[in-house]
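Throughout, protein chains are lettered first and strands after them, A, B, ... in sequence-line order, and every chain is numbered starting at 1. This structure is a prediction, so every number in the text was calculated from the model and none was measured.
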Amino acid sequence: DQQVKQNSPSLSVQEGRISILNCDYTNSMFDYFLWYKKYPAEGPTFLISISSIKDKNEDGRFTVFLNKSAKHLSLHIVPSQPGDSAVYFCAARRADGLTFGKGTHLIIQP
Amino acid sequence: NAGVTQTPKFQVLKTGQSMTLQCAQDMNHEYMSWYRQDPGMGLRLIHYSVGAGITDQGEVPNGYNVSRSTTEDFPLRLLSAAPSQTSVYFCASRGGGNSPLHFGNGTRLTVT
């Protein structure tokens, strides 16, 4: 039973355009959501987070939107840069740790 | 500023062998955890600890043991390796409140 779903295994975006990565969850008890970025042969690195009491959080080029009624969150990257090419994981916090989605491989095309 | 350090980076085991994956953090974090990442599966929680002397099971604990004798170290033991334990293992730690998890760079384990 996958509680955090990232339905797009990969996404290709032109450099300079907006990248939108999506994530759906099923457990309404999740109270905190995070996005992680992962390069090959490295551990995931924290990107941005949002509490369930908010609907938007911005940090530079990165914005996370949360729609609680739809149990959906999205990560917007504007403008997309070549260094953004990586696997992005959506995660939701539970009492013992984080539940991760399967990841979306973002490819930024020059 | 080392953060979370995992050793070894790579390991090959034969079925039935045992080994310990090491994890150390220098951020004085109380919470530490182990995840495994398999192709198409995301990261899944194996075991976690909320402080020295306290450990608990995560989502996929079978075949793994942990202990937490100090705040800094959280080793993961495979008592009798199986091919199904071929994976990339990540150790992570975090501080209190809404602090995010900080991950190590992983150990790639192959069991033949």
Report task. Look at the side-chain heavy atoms of Ile, Leu, Val, Met, Phe, Trp and Tyr, link any pair under 4.5 Å apart, and say whether A:L75 and A:F33 land in one connected group. Result -> yes
Query raised in the report: If Ile, Leu, Val, Met, Phe, Trp and Tyr residues are connected whenever their side-chain heavy atoms lie under 4.5 Å apart, and connections chain through other members, are B:V111 and B:V60 in the same group?
Result: yes
Requested in this report: Would you mind telling me which of B:L45, B:V4, B:V50, B:V88 has the largest number of heavy-atom pairs within less than 4.5 Å of chain A?
Outcome: B:L45
Pairs of donor and acceptor atoms under 3.5 Å between chain A and chain B, please, with atom names and distances.
{"unit_1": "A:Y36", "atom_1": "OH", "unit_2": "B:L101", "atom_2": "N", "d": "2.9"}
{"unit_1": "A:Y36", "atom_1": "OH", "unit_2": "B:L101", "atom_2": "O", "d": "3.0"}
{"unit_1": "A:G43", "atom_1": "N", "unit_2": "B:N105", "atom_2": "OD1", "d": "3.1"}
{"unit_1": "A:R93", "atom_1": "NH1", "unit_2": "B:N98", "atom_2": "OD1", "d": "2.7"}
{"unit_1": "A:R93", "atom_1": "NH2", "unit_2": "B:N98", "atom_2": "OD1", "d": "3.2"}
{"unit_1": "A:D96", "atom_1": "O", "unit_2": "B:Y31", "atom_2": "OH", "d": "2.4"}
{"unit_1": "A:L98", "atom_1": "N", "unit_2": "B:Y35", "atom_2": "OH", "d": "2.9"}
{"unit_1": "A:L98", "atom_1": "O", "unit_2": "B:Y35", "atom_2": "OH", "d": "3.4"}

**Report entry** Other residues, nucleotides, ligands: >12 heavy atoms within 6.0 Å of A:R61 CZ
**Finding:** yes
Report summary line: Interface check, chain B: of A:G103, A:P9, A:P44, A:A91, most non-hydrogen pairs under 4.5 Å belong to A:P44
Query - Heavy-atom pairs under 4.5 Å with chain A, option from B:G58, B:G104, B:G106, B:P100 with the top count - result: B:P100
Query raised in the report: Cluster question for you: counting only ILVMFWY and a side-chain heavy-atom cut-off of under 4.5 Å, with indirect links fine, are A:L34 and A:V4 together?
Result: no
Query raised in the report: Are A:L106 and A:F62 in one and the same hydrophobic cluster, where Ile, Leu, Val, Met, Phe, Trp and Tyr link if side-chain heavy atoms are under 4.5 Å apart?
Result: yes
Query raised in the report: With the 4.5 Å side-chain cut-off for hydrophobic clustering, are A:F46 and B:F103 part of the same group?
Result: yes
